[in-house]
Amino acid sequence: MTDQPDFDIRSFLPYLLNQAAEESSLAFQHHYKQRYGMLRTEWRVLFHLGRYGAMTANAIGTRAKMHKTKISRAVAALEQKRYLTRKKVEADRRHEMLSLTRAGRTVYADLCAVAGTYDAQLLAPFSAEEQALLKRALERLAKL
């Protein structure tokens, strides 16, 4: 044994953040998985297209901090569900502009409404001051 204090992963900030993210994500996952048969990566791609409009998979990867293979699978699944379309970028035919279909926009609007309610439920145990502090701290850590 060394003279160093014991390391307790349960108080390690990256571990705590991961556990909080998993716990809160799993409960929300029920909504998009049960209603629309989507995976988390599909929801994230759908969200980015709904929020920011048409963009390339590379742009989604940069914004969402997702690996391109995960995005590629999510795009294929969303296209199969008819939630998005692809259009070649004329200036560079290697890239495709992705955009939501009417059905995709409907799903996006529905899930955003559910997400807003869910977010309020997550924050309900905290005071308004604690909510603001928590959000500011997380935004700073995420460098948003």
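Interatomic distance, R44 CZ to R40 CZ, rounded to the nearest 0.5 Å: 8.0 Å. Atom CG of L100 sits about 11.5 Å away from atom CZ of F47, to the nearest 0.5 Å. With rounding to the nearest 0.5 angstrom, the CD atom of E96 is 9.5 Å from the CG atom of L84. Between atom NE2 of residue H31 and atom OG1 of residue T117 there is a gap of 8.5 Å, rounded to the nearest 0.5 Å. Expressed to the nearest 0.5 Å, how far CZ of R73 lies from CD1 of I71 amounts to 11.5 Å. Atom-to-atom distance recorded for R136:CZ and E139:CD is 9.0 Å, nearest 0.5 angstrom.
Here the side chains of Q131 and K135 are not in contact, with every heavy-atom distance at 4.5 Å or above. You'll find the side chain of M38 stays beyond 4.5 Å of the side chain of K33, heavy atoms only. In this structure, the side chains of T85 and E79 stay at 4.5 Å or more apart for every pair of heavy atoms. Residues L141 and L13 form a side-chain contact, since some pair of their non-hydrogen atoms from C-beta on lies under 4.5 Å apart. With a 4.5 Å cut-off on side-chain heavy atoms, V75 and E42 do not count as touching. Between R102 and R105 there is a side-chain heavy-atom pair separated by less than 4.5 Å. Looking only at side-chain heavy atoms (C-beta outward), R51 and Y108 come within less than 4.5 Å of each other. The side-chain heavy atoms of Y118 and Q121, taken from C-beta on, include a pair separated by under 4.5 Å.
Grouping the Ile, Leu, Val, Met, Phe, Trp and Tyr side chains by contacts below 4.5 angstrom, directly or via other members, places F7 with Y15. L138 is connected to L123 through a chain of hydrophobic side-chain contacts under 4.5 Å among Ile, Leu, Val, Met, Phe, Trp and Tyr, so both are in one cluster. Criterion: ILVMFWY side-chain heavy atoms under 4.5 Å apart, direct or through other members. Under it, L39 and L111 are not part of a common hydrophobic cluster.
Each of L78, T56, I60 was compared with L98 under the side chain to side chain contact (heavy atoms under 4.5 Å, CB included) criterion, and only I60 meets it.
Geometrically, R63 engages Y52 in a cation-pi contact, judged by NZ or CZ lying under 6.0 Å from the ring centre and within 45° of the ring axis.
Between the side chain of H30 and the backbone N or O of L26 there is no donor-acceptor pair closer than 3.5 Å. Between the side chain of E130 and the backbone N or O of S127, at least one donor-acceptor pair lies under 3.5 Å. In this structure, the side chain of R86 does not engage the main chain of M97 through any donor-acceptor pair within 3.5 Å. For S25 (side chain) and A21 (main-chain N/O), a donor-acceptor pair under 3.5 Å exists by modelled atom type.
Taking both residues in full, the closest heavy atoms of V45 and A74 are given as CG2-CB, 3.8 Å, listed atom of the first, atom of the second, then distance. Looking at every heavy atom in both residues, H95 comes nearest to N58 through CE1-ND2, 3.2 Å. G104 and L46 get closest at one heavy-atom pair: O-CD1, 3.9 Å.
Using cut-offs of 30° and 60° for the angle between ring planes, the F28 and Y32 rings count as perpendicular.
Within 6.0 Å of CZ in R35 there are more than 12 heavy atoms belonging to other residues, nucleotides or ligands.
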Side chain to side chain contact (heavy atoms under 4.5 Å, CB included) evaluation trace for T106 with Y83: CA-CA 9 Å; T106 299; Y83 294 159; over 6 Å; no
